[in-house]
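All remarks here apply to the structure that follows.
Just so we're on the same page: letters track the sequence lines, and every chain starts at 1.
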2 protein chains.
Amino acid sequence: MEATHPPQLDSTMMALADPTRRAIIQSLTLKESRVTELAAPFDMSLNAVSKHIRVLERAGLVRRRRVGREHFLSFNGEPLDEVAQWVDRQRSFWTARLDALEELLHQESEEDQSTNRKGEASQ
Amino acid sequence: MEATHPPQLDSTMMALADPTRRAIIQSLTLKESRVTELAAPFDMSLNAVSKHIRVLERAGLVRRRRVGREHFLSFNGEPLDEVAQWVDRQRSFWTARLDALEELLHQESEEDQSTNRKGEASQ
DNA sequence: TCCATATTCAACCTCTTGGTTGAATATCTG
DNA sequence: CAGATATTCAACCAAGAGGTTGAATATGGA
């Protein structure tokens with residue numbers, strides 16, 4: 001069975017699976033930054049952060065604008081739409097099934113109560 | 001810099017980064033299943049699917065109920081709440097910044113128009 | 001024009017991931 | 001009770017991830 005997800009969802013979810021990359025995203029939602037600015041708070045080499053940025057770029061979550069030797073990076077929220085849709089869909093299926101179960105239990109409970117009343121009356 | 005995510009978000013996002021695991025989740029949102037039932041549609045060994053299920057279990061996305069030799073698996077949507085919250089937060093920051101930018105451009109456009117009208121009058 | 005800064009490239013390393021196979025374990029059934 | 005079924009365990013393998021270091025490249029500034 002082939003999982004029927006668009007390749008976009010694959011790359012987006014993989015990109016977000018790493019805490020460093022999520023931290024980069026969080027930083028970029030607040031403001032555009034240069035690579036060295038983004039890397040500064042992390043306890044890892046500049047190149048390691050640069051690699052993470054490339055993963056985010058390939059997923060379309062980060063855009064880059066070059067001005068001379070400086071690369072300005074900004075967040076693109078569009079790929080998160082698909083993540084939100086996928087997550088909401090699973091949650092709504094789950095909630096619907098829980099609701100159906102509760103309804104079933106509720107009906108059974110009402111039936112038990114009326115049966116009990118009849119039983120009491122006959123005793 | 002330590003990424004300030006709860007460990008739960010880490011394990012949930014990592015669990016969802018794999019298309020096979022997302023397909024398992026999608027299957028389980030529809031109905032409870034046994035391991036061999038879940039594995040049937042996949043082109044991989046039963047054990048490979050069993051490993052994926054364990055990853056989902058560790059993330060809290062799947063619960064297991066054992067009856068004799070059969071393990072019944074069901075979906076637990078709760079960890080997705082955190083994913084939804086994280087995603088919505090980034091999107092709302094992004095949208096807020098885009099809105100602020102548009103407002104700025106709108107103001108500049110109005111200023112340009114009134115300046116142009118004055119220029120026309122003086123010519 | 002030389003030095004500084006910004007950033008990527010290349011090569012390397014360790015560890016993890018995602019898969020396989022065959023064995024082991026537990027339970028069910030005729 | 002022997003064979004079937006369900007599932008995990010253990011060991012293995014290849015590929016990739018995530019990091020490092022040092023070199024290379026491009027641009028800016030004094």
Side-chain angles (χ1 to χ4, degrees), chain A residues 1-5 7 9-28 31-75, chain B residues 1-3 5 7 9-28 31-59 61-75:
Chain A
M1 173 205 202
E2 217 52 38
T4 55
H5 314 294
L9 187 61
D10 270 353
S11 64
T12 306
M13 298 299 295
M14 274 167 165
L16 296 174
D18 183 88
T20 300
R21 291 197 287 274
R22 290 201 306 274
I24 290 170
I25 292 289
Q26 285 183 217
S27 192
L28 288 179
K31 63 180 180 1
E32 194 178 50
S33 300
R34 295 178 297 125
V35 176
T36 39
E37 283 172 351
L38 273 180
F42 292 100
D43 269 330
M44 65 178 67
S45 68
L46 170 62
N47 192 38
V49 176
S50 184
K51 285 186 172 189
H52 282 299
I53 290 167
R54 254 176 276 136
V55 173
L56 292 170
E57 246 182 313
R58 286 203 303 272
L61 287 157
V62 158
R63 284 188 174 131
R64 171 184 316 247
R65 171 175 71 84
R66 220 183 110 201
V67 179
R69 68 191 174 191
E70 296 180 334
H71 299 219
F72 292 91
L73 304 162
S74 56
F75 174 59
Chain B
M1 172 208 207
E2 218 51 37
H5 314 295
L9 187 62
D10 271 352
S11 64
T12 306
M13 297 298 294
M14 272 166 165
L16 296 174
D18 184 88
T20 300
R21 292 198 287 274
R22 290 200 305 276
I24 290 170
I25 292 288
Q26 286 183 217
S27 193
L28 289 179
K31 62 181 182 0
E32 195 178 50
S33 300
R34 294 178 298 125
V35 175
T36 38
E37 283 172 349
L38 273 181
F42 293 100
D43 268 332
M44 64 178 67
S45 69
L46 170 62
N47 193 39
V49 176
S50 184
K51 286 186 172 190
H52 281 300
I53 290 167
R54 254 176 275 136
V55 173
L56 292 169
E57 247 183 312
R58 286 203 303 272
L61 288 157
V62 158
R63 283 187 174 133
R64 172 185 313 248
R65 169 173 73 85
R66 220 183 110 200
V67 179
R69 67 190 171 191
E70 296 180 334
H71 298 218
F72 291 92
L73 305 161
S74 57
F75 174 60

Reading nucleotides 17-30 of chain C from 5' to 3' and marking B where a protein heavy atom lies under 4.0 Å of the base, S where only the sugar-phosphate is that close, and - otherwise, the string is -SBBB----SBB--
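Using a distance-only test at 3.5 Å, with no hydrogens or angles considered, no donor-acceptor pair links the side chain of A:E70 to the main chain of A:V67.
Counting only residues at least two apart or in different chains, salt bridge (charged side-chain N to carboxylate O under 4.0 Å, His left out) contacts with residues 53-63 of chain A comprise A:E57-A:R64.
Contact between the side-chain N/O atoms of B:S50 and the OP1/OP2 oxygens of D:dT8 is found at a separation under 4.0 Å.
Counting heavy atoms from C-beta on, the side chains of A:F72 and A:R66 never come closer than 4.5 Å. Counting heavy atoms from C-beta outward, A:L16 and A:L61 have side chains that approach closer than 4.5 Å. The shortest distance between side-chain heavy atoms of B:M14 and B:V55 does not fall below 4.5 Å.
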